[in-house]
Amino acid sequence: MMNRTAFIKFRGTNSFLLHSLSSFQFSTHTASLHSNVSSLIHKITNLNDALNLFDEMSHTRPLPSVVHFTQLLHLVTKMKHFSSSLHLFNQMCSLGVPVDKYSMSIAIKCCCQLYRTKDGFAVLGCCFRRAIPPNVYIFNALLDGLVLEERILEAEMLFKKLIKQKLCEPDVVMYNTMIKGLCKFGNNVTAIALLRLMEQKHCEPSIVTYSTIIDSLCKDKLIDDAFKLFKEMVSDKGILPNVITYTSLICGLCKFGRWDDASKLLKQMEDENISPDVKTFTALVDAFCKEGKVEEAEAVIDIMVERGEVPNIVTYNSLIDGYCLRGEMIKAKTVFDSLRLRGLVPDVVTHSSLLNGYCKNLNIEKAEEMFHEMTVKGLKPDVVTYSTMIQGFFQVGRCVAARRLVDEMHAQGQVPDQCTYGIVLDGLCNNHLVEGALSLFYLVGNSKLNSDIAVYNILIDGAGKNGKVEVARILFQGLIDKGLQPDVRTYNVMISGFCREGQLGEAKLLFLKMEESGCPPNNITYCVLLQGYLKNRHYDDVEMLLREMDDRGYSLDASTLSLFIDHIAAGLLDRSMLKLLGKLVPKELLNDPSLCDWE
DNA sequence: ACGCATGTCT
């Protein structure tokens, strides 16, 4: 007894709970024990208290019922302490608590949320052995695990198998989980088809069903489709949107810079008495920061605080990133240092953001310090951290250090992703190691990594910039042969490569091919081509291109504009072109004093 | 008397 009390104290229980526990211990009557455990469970707010209560319960004789243990298990799971919860479940088994379908489903959920769906299926095996027929709750947890691990094909197979073999009747939650998986995999069309199937099967889609798909559409920049579904949900189904639905839509609008629409939607929320919460506000903070409007982001934080919402680590991570983006590293670091005072713990993302800021502002030493600091704090750099640091090394020409970090990343069990691969290829190209990039590319071969147009864009750009326009041409043909679709960037880097080599005819041919390939030239295409013409003193098409730009509502970027000014000043171009050029000066450049005296 | 699904950041 003494030992146990000491143990409880050691774990930092508050005295209030200890007191409750000691009174609980001496109650022997089953009914009073019953209500006592339930009321204790309701008072628990942290993991320590939960673990201590479990400890008490496991030493009580007769043992509390499986229901009480399950309530506690659920509580710990809700706190997202899946590991602890699983540990408690194992202890329950050791104690001989007769675990049932309820506790089993929680155990399986915990396995799955820990990216151990394999173990989840093992527990399913236990269900069969213990003659506990798995139900829709258990299968949902497993399905969710497969989705979490991005094992979408297996998720689909499980889903279909459950229906076909009538292992369980899918409920709305199961449909929603499957829909989430499809959305995660970018398959909005099938997700919506599944929503229609639900209607057919008289399993009415819920607010979660709609919110899941609406969010996915927003993330895929299909805002109009998202609003179509939103309207259907409200008008046809009579389902009222909640703060989650609104947050997805507002987030989508903000990322598109559609501030007016976002603000209308915020107002609509208020009219419906739905308050924006910390996630809604954070979406706004992030969007402002990404547009460089950090002052507005700060104002949003002030408003949320006034309204009683507490900014969390995600909010501040966005703000830190905003400062980094503007190169205001001192402010970024100040916010970082203030987090602990606010009771927040900087996480891997916080460190990675600051590290990224230092890299982008070419302060590689500070970036390395940050990388070191997080490992000292026991934070594990993830694939994003490594990728950021690798990119930083490449940017300052430290290719060997970059290479070493790729190896360390492997050693630490972090698997490089598509983004890491792109960073390495780009880094090699920009450090005159195109051959190395190409070797890596051919080594990777027909893997999924090489089925991304972005990879080709990097290599073609790298080849072009290193005077290997023939290599660029081969790569371009290669991607066509593979059935990949060149995007506007592919055309731009190809055209840029041709121009650099003075192959203006080839550049023009490709430029003309864009429209007919359903990939119309963008602002950058015109600037690239015009720069090519000017640098090669080939002026025949220049005026026509400028007129086309004007028709399309495009404008010249600063470097192209200054090139034009140089050519006019040198008498290579006629001053009569100034009027046309004037129409193509972007508004933001009109206030630039360095460009005021050009006429 | 106990268990499943939706939105914010690098």
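Protein chains get the first letters and strands the later ones, always in sequence-line order, with residue 1 at the start of each.
Rounded to whole angstrom, the span from the CD atom of A:Glu309 across to the P atom of B:dG7 amounts to 18 Å. Between A:Met409 atom CE and B:dT10 atom P there is a gap of 17 Å when expressed in whole angstrom units. For the pair A:Asp347 CG and B:dC9 P, the computed distance is 13 Å after rounding to whole Å. Between the CG atom of A:Leu124 and the C1' atom of B:dG3 there is a distance of 15 Å, given to the nearest Å. Between the NE2 atom of A:His74 and the C1' atom of B:dC2 there is a distance of 9 Å, rounded to whole Å. Atoms NZ (A:Lys279) and C1' (B:dC9) sit 12 Å apart, rounded to a whole Å. With rounding to whole Å, A:Leu249 atom CG is found 17 Å from B:dT6 atom P. Whole-Å rounding puts the A:Met174 CE to B:dC4 P distance at 14 Å.
Between the side chains of A:Thr77 and A:Ser85, at least one donor N or O lies within less than 3.5 Å of an accepting N or O. In this structure, a donor-acceptor pair under 3.5 Å is absent between the side chains of A:Asp321 and A:Ser318. At a cut-off of 3.5 Å, with distance as the only test, a side-chain donor of A:Ser216 or A:Asn188 sits close to an acceptor on the other residue. Side-chain polar atoms of A:Gln412 and A:Tyr386 form no donor-acceptor pair below 3.5 angstrom.
At a cut-off of 3.5 angstrom, the base of B:dT10 holds no donor-acceptor pair with the side chain of A:Ser353. For B:dG7, its base never sits under 3.5 Å from the side chain of A:Asn242 at any donor and acceptor pair. A:Ser248 contributes no side-chain N or O that forms a donor-acceptor pair with the base of B:dG7 under 3.5 Å. For A:Ser318 and B:dC9, a side-chain-to-base donor-acceptor distance below 3.5 Å is absent, hydrogens and geometry of angles not being considered. With hydrogens and angles ignored, a donor-acceptor pair under 3.5 angstrom links the side chain of A:Asp277 to the base of B:dG7. Residue-to-nucleotide contacts include no donor-acceptor pair under 3.5 Å from the side chain of A:Ser103 to the base of B:dG3.
Of the candidates B:dT8, B:dT10, B:dT6, B:dT10 carries the atom nearest the A:Ser352 side chain, counting heavy atoms from C-beta on. Of the candidate nucleotides B:dT8, B:dC9, B:dA5, B:dC9 has the atom nearest to the side chain of A:Lys255. Checking B:dC4, B:dA5, B:dT8 against the side-chain heavy atoms of A:Asn140 singles out B:dC4 as nearest. You'll find that the side chain of A:Ile244 is closest to B:dG7, out of B:dG7, B:dT10, B:dC4. Here B:dA5 is the nucleotide among B:dT8, B:dA5, B:dG7 with the atom lying nearest to any side-chain atom of A:Val173. Checking B:dG3, B:dA5, B:dT8 against every side-chain atom of A:Ala283, the shortest atom distance belongs to B:dT8. Each of B:dC2, B:dT10, B:dG7 was ranked by its minimum atom distance to the side chain of A:Val349; first place goes to B:dT10. Closest to the side chain of A:Asp100, from the set B:dC2, B:dG7, B:dA5, is B:dC2. For A:Lys290, whose side chain is taken as the heavy atoms from C-beta onward, the closest listed nucleotide among B:dT10, B:dG7, B:dA5 is B:dT10. Distances from the side chain of A:Asn317 to the nucleotides B:dT10, B:dG3, B:dC9 place B:dC9 closest.
Remark: aromatic rings of A:Phe69 and A:Phe54 are close, center separation under 6.0 Å.
Listed by first and then second residue, the salt bridge (Lys or Arg N to Asp or Glu O under 4.0 Å) pairs that reach into residues 350-367 of chain A come to none, sequence neighbours excluded. Pairs of residues two or more places apart, or lying in two chains, that qualify as ring pair (Phe, Tyr, Trp, His ring centres under 6.0 Å) and include a residue from residues 157-181 of chain A are A:Phe159-A:Tyr175. Contacts classified as salt bridge (Lys or Arg N to Asp or Glu O under 4.0 Å) and involving residues 116-132 of chain A (residues at least two apart or in different chains) are given here: A:Arg116-A:Asp119.
Contact between the side-chain N/O atoms of A:Lys78 and the OP1/OP2 oxygens of B:dC2 is not found at any separation under 4.0 Å. Phosphate proximity of B:dC4 to A:Lys101: absent, as no side-chain N or O sits under 4.0 Å from OP1 or OP2. For B:dA5, the OP1/OP2 oxygens have a side-chain nitrogen or oxygen of A:Lys109 closer than 4.0 Å. Contact check, A:Lys180 against B:dT6: a side-chain N or O comes under 4.0 Å of OP1 or OP2.
Residues of residues 206-219 of chain A having a heavy atom closer than 4.0 Å to DNA chain B, listed by number: A:Ser206, A:Ile207, A:Val208, A:Ser211, A:Thr212, A:Asp215, A:Lys219.
Applying the side-chain contact (heavy atoms from CB on, under 4.5 Å) test to A:Val172 and every residue at least two apart in sequence or in another chain returns A:Asn176, A:Met198, A:Cys203, A:Ser206, A:Thr209. Taking A:Lys180 as the reference, A:Asp144 meet the salt bridge (Lys or Arg N to Asp or Glu O under 4.0 Å) condition, with sequence neighbours excluded.
Residue ring and base: A:Tyr137 counts as stacked with B:dG3 (centre distance below 5.5 Å, interplanar angle below 30°).
Counting non-hydrogen atoms under 4.0 angstrom, A:Asn135 reaches a base of the nucleic acid. At the heavy-atom level, A:Val243 lies under 4.0 Å from base atoms of the strands shown.
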